[in-house]
Each structure stands twice: as structure tokens, then as C-alpha cells.
Visitor: 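Submitted below is the structure of interest, expressed as C-alpha cells.
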Amino acid sequence: MSASGVSRRWVLSTLAAVAASSRARAKSVAQSQWDLIIVGAGTAGLPAALFAARRGARVLVLEKGAQVGGTLWFSGGQMSAAGTRLQKAKGIEDSPAEHLADIMRISRGTANEDIVRLAVENAAGTVDWLESAGLTFGPGFPVAGTGHEPYSHARVWGAPDRGLAILRVLEKELTTAPASLSVLKSTEVVEPILDRRGAVLGVIAKDEAGVRRDFRAPHTVLASGGYMANTALFQSLNGVPKYRAAGWPMNTGVGIDIGRSAGGWVRGRENYLCDFGSIPADLEIPSPELARSIHHPERREPWEIIVNRAGKRFLAEDLGSVDEREHMLLTQPDNRYWLVFDEDILRNAPPLVRGAPPGELRDWTTQELADAFGVAPAFTSAATLEQLAVGAGIDPRNLVATVDEYNAGQASGHDSLGRTHMPRPIKRAPFYAIRHQGATLIGVAGLAVDDKLRVTKPDGAPVAGLYAAGELLGNGTLSGKAFCAGMMVTPALSFGRWLGENLPLAKRG
Ligand SMILES: Cc1cc2nc3c(=O)[nH]c(=O)nc-3n(C[C@H](O)[C@H](O)[C@H](O)COP(=O)(O)OP(=O)(O)OC[C@H]3O[C@@H](n4cnc5c(N)ncnc54)[C@H](O)[C@@H]3O)c2cc1C
């Protein structure tokens, strides 16, 4: 046989093999063709999946964890919504327009008005849906705000089981979901599939054995949560160290990586704000929260003083606005402060500390508070103010001068910072200091989207085929440079629901 004959047979057989392999590949792509891929089976991802599947769409949810629910396992689960059936039943007249106005007021105009409008206009529908599906809220709700700057109306709801109560309802909804909805757990999405023009065609994910697979669909929703489990990414996006260890451990920010590699961008770093009242479990950062001080004047007027690392007071401790206190803390070194008091105040003041999850959510007794000194790293006690300052890491000379000045103001009734609630001086040993750390539970900066929740490029053009919802958008988008109650959970659920109901999914005959 001639060399050319061998060559022709070889070419023909190779061509046949290539054709067979591409037929097989086409078949496997067709078999794995979905209408919608959702990255993450959490707060935003589950409603997106449920509502899209109810429209007949073939939906694939890819979940990195071995279980669904994401941050709902830990979340306080407080939801804000205006115009709900439950509000009407209680005679509360409220509207999304007033909710929007409150958020823009509290955030001093720094929240993203378009995205907040979409959130508040869909919030009541979300609460009504969950309530119809069996979610019940605790006694005492709704409230205007708890621990955050209050709204003008009582529109914040919370269930005794917090976020878990919402998850239980979503899990129940999953049991009756159409068969066109599939959830693939223990599958970590790692990167997008892009065409030559940059449109997103799906994602690449790997299973527990590390085997990578392509998953393709015309629409991909990033609902993979924020990036609290990625300390370096948190710091680079928010411009501050990650002081608090919080959030769902799977949420390392893959949505940020995917969004950016598809041309998207991150916004909102300028909205970073830290909360007030958090006692860290240890002195290394990021530290979990041990407990919270009761700093809401409507619940407890202050008996103690607040000082920074320099041993100086920086606000009147009875300042009524939570938001103003948070902004003042933001200007202090390391966003850190200490509550300082004495034996008289320890024994006579109303409960100061409240347990935080995973501990019991109740006020500590005086004895429990006394027992924490010498045991919990953030709690320091000493026989003199100088020793207290040295032990706690505060400037000793300034602390003594600050306490002297406060005591003089307390005696005369004229405090240098204008504080009026001063029941006792600080003078009977032992003395006490509790270190507090301002921090966030949620990254403030997040992936930019438009009012259809399409991931956008810096010029505002949408990335074809890519959407985002949930914490990935950043707290700053929905609350601006402020903390607005219930403005992460409700928007995550609502945006998932909105995408499920409104994505331009192809009609199925
Ligand atoms: C302690 C705490 C208390 C809070 N309390 C409140 C509150 O009371 N009210 C409020 O409004 N907000 C609160 N929040 C915030 C709110 O709960 C969250 O922002 C919200 O639940 C996040 O929803 P999500 O859908 O974006 O993320 P999640 O619900 O976390 O869902 C993301 C999912 O994506 C999965 N995932 C991550 N990476 C990948 C990957 N590579 N591939 C596949 N899957 C992936 C995760 O495993 C997870 O299941 C709180 C947060 C914390 C931490």
C-alpha cells in the first residue's frame, strides 16, 4: 500500500472519529442544557429556582455545600417590608415609597436608589408569600428597628428561630417544586464559560473529587453569597481589615471572581461603616462575636463611659441615634472602644450584656457579667484605673484624666460632652473595662448590577447572560453608609423571586 493510500485511510478514519466525537459531545451538551443555572442554594438562590421552575423552566442549582440554606443557618432573619398583609391586619398603613424614603434618609442618600426601589417594591410580596407558605413571626413584631436606626413605621419582622425559620419554609417549598428543578450539592462553581464576545454561556464546576464539568444555560444567576469567608478579598474590597469572623463558611466570593472575569465590576467601598456594641470573643482578628452590649437608649440608658484606645471619650454615651454612634466609631483607631465602669455600676446598673448566637440570646445576670472578667479576653478588671488601662491596652494617663473629668461633670450635672444620664461616678474599685470592636457581618462593596439585576460593566452595559442577587451585591448597595434593618434577607429573597418570575426564559411547548 502506498504511503498516500495509508495517509488517505488514516485521514478518513480520523475524520469519522472526529465527527462521531462531536456528535457525542453535542448530545451530551444537549442533555445538560438548562434554561437557567443558579450558583448557590441559599437565601437568594432557592427562591430564584422555585419561581423559575414554576414557570416550567429547567433549572439547575449548583451548591458547593452538602446542604442548602447558606447564611440562613446563622442569620438573624429579620425582614423589612412595607405594605404586607400582616401590617394591614394590624392597622399599619405603610407603603414601599415610604420604605424607600426611610432608607434614603437613614443612608443620607448613599444607598443605590434604583436597586432599593426594586427591593422595597417586591418586599411585601415576599413576606406575604412566605407567610402563606407557613412562616410565622414572633410576638412583639413588627418593630420600627432593633439595634439599627429606626424606620418611620413598624415594618421589621423576625421569627423566634431567626433565619432558620425562613429556611424551613423554603425547604418545604422545595418538596413540592416541579421536577424540572434540580439541585446538585457538593458542587463548587469555579469559573464562567464565556463566548468570544464575553457573553456568559454557563459555568464550570467541580465535584468533591475535583472533577470539573461544564454546565450551560442561556441565563446564569450568581447567588453565591458574599465573601465573608475570604479575609483577603474582604480587606481588598472594603479597604479595612476583616475584624469579625462571621457568615457562611462557603462564601469565599466566587461570584465576585466570576462577575469580574466576565467584565463586571465592584462598587460601594466608600460606604463602609462599622456597627456598635459588639464584644469580640478573642483579641485576634477576625474574631467571632461573644456577646453584645445593650446600647439602645430606648432599652437601657448608659451608666458606663466609652473611651477609645487613647483613653478619651469621643461621644456622649446617651446619644440617641444608633447611626450617629456608628459614624463616630468609624473615626476611632481600629474602630475599637472600651466601656469603663466600677464596682458600684457593676452591682447596680441594669443588665449590660446580651448573649449573641451561638450563645443564648438573653441578658446576662450581674453574676454572669462579673464572672466574665478574668475569663473572656475582652473583659479586664483591676484594682486601680492605671492598672486597668495597662491591662486593657488603653493609655493610662489619659484614662485617669478622663474618669476624673467625667466624675466632676457627674457631680456638677454638666458633662463636657453634653451627656445627661450620669447616675454614678466611676470611683469604687475594682474597675472594669470591656473591649468592643466595630465591624460588619457583611461586605459593604459588591458586584454592580442594573435594575434588572443584570451584572454590568463599568460603562453600564450588561454582561449578556449573567445576573446577581443577594449579599454579592454588598450591604452598601441596599443600605448605603448605614445599617437599615432587614435590608439583606428580604432583598435576597425578593431578588431571587423576582429573577425567577421575570427572567426572559424561553417558552417551552
Ligand atoms: C450572623 C448574621 C446575622 C444576620 N442577620 C440578618 C438580619 O437579621 N437581617 C438581614 O436582613 N440580614 C441579616 N444578615 C445578612 C443576611 O442573612 C445575608 O446577607 C443573606 O442571607 C445572604 O443571602 P445570599 O443568598 O446572598 O447568600 P447565602 O444565603 O449564604 O447563599 C449562598 C449560597 O451559595 C453557596 N456557594 C458559595 N460559593 C459557592 C460556589 N463556589 N459554588 C456553588 N455554591 C456556592 C453557599 O454554600 C450558599 O449556600 C445576617 C448575616 C449574618 C452572618
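Remember, it's 1-based here, ligands and their atoms both numbered in the order they're listed.
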Visitor: Can you find a non-hydrogen atom of G486 under 4.0 Å from ligand 1?
Guide: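 Yes, G486 has a heavy atom closer than 4.0 Å to ligand 1.
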Visitor: Is it the side chain (CB and beyond), the backbone, both or neither of A223 that lies under 4.0 Å from ligand 1, heavy atoms counted?
Guide: backbone
Visitor: Tell me the protein heavy atom at minimum distance from atom 15 (C) of ligand 1, and give that distance in Å.
Guide: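 For atom 15 (C) of ligand 1, the nearest protein heavy atom comes out as I442 CD1, 3.5 Å.
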Visitor: What protein heavy atom lies closest to atom 18 (C) of ligand 1? Include the residue and the distance to one decimal.
Guide: E471 OE1, 3.1 Å
Visitor: Identify the protein heavy atom lying closest to atom 30 (O) of ligand 1, giving its residue, its atom name and the separation to 0.1 Å.
Guide: T71 OG1, 2.5 Å
Visitor: Have a look at I37 and tell me which of V189, V221, L62 forms a side-chain contact (heavy atoms from CB on, under 4.5 Å) with it.
Guide: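 Of the listed residues V189, V221, L62, the side-chain contact (heavy atoms from CB on, under 4.5 Å) partner of I37 is L62.
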Visitor: Compute the shortest N/O to N/O distance between E188 and ligand 1 and return yes if it is under 3.5 Å, no if not.
Guide: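 Between E188 and ligand 1 (N or O atoms, distance only) the closest approach is not under 3.5 Å.
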Visitor: Which residue owns the protein heavy atom closest to atom 46 (C) of ligand 1, what's the atom, and how far is it?
Guide: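 Answer, as residue, atom name and distance: N251 OD1, 3.2 Å.
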Visitor: Measuring from the heavy atoms of S80, does anything fall under 4.0 Å of ligand 1?
Guide: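 Contact absent.
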Visitor: Do the side-chain N and O atoms of S278 and Q437 include a donor-acceptor pair separated by under 3.5 angstrom?
Guide: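 No, because no side-chain N or O of S278 sits under 3.5 Å from a partner of the opposite role on Q437.
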Visitor: Between Y337 and F276, how do the two ring planes meet: parallel, tilted or perpendicular, split at 30° and 60°?
Guide: parallel
Visitor: Do any N/O atoms on A492 end up under 3.5 angstrom from N/O atoms on ligand 1?
Guide: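 Such a contact does not occur with ligand 1.
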Visitor: Output every pair passing salt bridge (Lys or Arg N to Asp or Glu O under 4.0 Å) with a member in residues 85-96, not counting sequence neighbours, ordered by first then second residue.
Guide: R85-E131, D94-R155
Visitor: Does ligand 1 have a heavy atom under 4.0 Å from the side chain of V254, from its backbone, from both, or from neither?
Guide: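 Within the 4.0 Å criterion, V254 contacts ligand 1 through side-chain atoms alone.
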Visitor: So which heavy atom in the protein is nearest atom 27 (O) of ligand 1, and how far is it from that ligand atom?
Guide: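 Of every protein heavy atom, G225 CA, 3.3 Å lies nearest to atom 27 (O) of ligand 1.
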Visitor: State which residues pass ring-ring contact (aromatic ring centres under 6.0 Å, His included) with W338; sequence neighbours excluded, sorted by chain then number.
Guide: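 If we apply the ring-ring contact (aromatic ring centres under 6.0 Å, His included) test to W338, skipping adjacent residues, there are no hits.
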Visitor: Test of understanding: given a 4.0 Å heavy-atom threshold, classify the contact between T187 and ligand 1 as side chain, backbone, both, or neither.
Guide: backbone
Visitor: Using heavy atoms and a threshold below 4.0 Å, how should the contact between L62 and ligand 1 be classified: side chain, backbone, both, or neither?
Guide: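 Backbone only.
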Visitor: Nearest protein heavy-atom contact for atom 9 (N) of ligand 1: which residue, which atom, what distance?
Guide: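 Going atom by atom, the protein heavy atom closest to atom 9 (N) of ligand 1 ends up being Q78 O, 3.0 Å.
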Visitor: Measure M487 to ligand 1 on non-hydrogen atoms and call it side chain, backbone, both or neither using the 4.0 Å cut-off.
Guide: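 Within the 4.0 Å criterion, M487 contacts ligand 1 through backbone atoms alone.
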Visitor: Heavy atom to atom 13 (C) of ligand 1, shortest distance: which of A245, A44, S75 holds it?
Guide: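 Comparing heavy atoms across A245, A44, S75, the nearest one to atom 13 (C) of ligand 1 lies in S75.
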Visitor: Calculate, to the nearest 0.5 Å, the distance between atoms CZ and CG belonging to R497 and L130 respectively.
Guide: 8.5 Å
Visitor: Closest non-hydrogen protein atom to atom 20 (C) of ligand 1, residue and atom name please, with distance?
Guide: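 Ranking protein heavy atoms by distance from atom 20 (C) of ligand 1, first comes T43 OG1, 3.7 Å.
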Visitor: Relative to atom 35 (C) of ligand 1, which among K64, M250, E63 owns the nearest non-hydrogen atom?
Guide: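 Residue with the shortest heavy-atom distance to the ligand atom: E63.
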Visitor: Which is closest to atom 5 (N) of ligand 1 by heavy-atom distance: G76, P491, G255?
Guide: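 Nearest heavy atom to atom 5 (N) of ligand 1 lies in G76.
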Visitor: Classify the ring geometry of F379 against W364: parallel below 30°, tilted from 30° to 60°, perpendicular beyond 60°.
Guide: parallel
Visitor: Give me the nearest non-hydrogen protein atom to atom 41 (N) of ligand 1 as residue plus atom name, then the distance to 0.1 Å.
Guide: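 Ranked first by proximity to atom 41 (N) of ligand 1 is V189 O, 3.0 Å.
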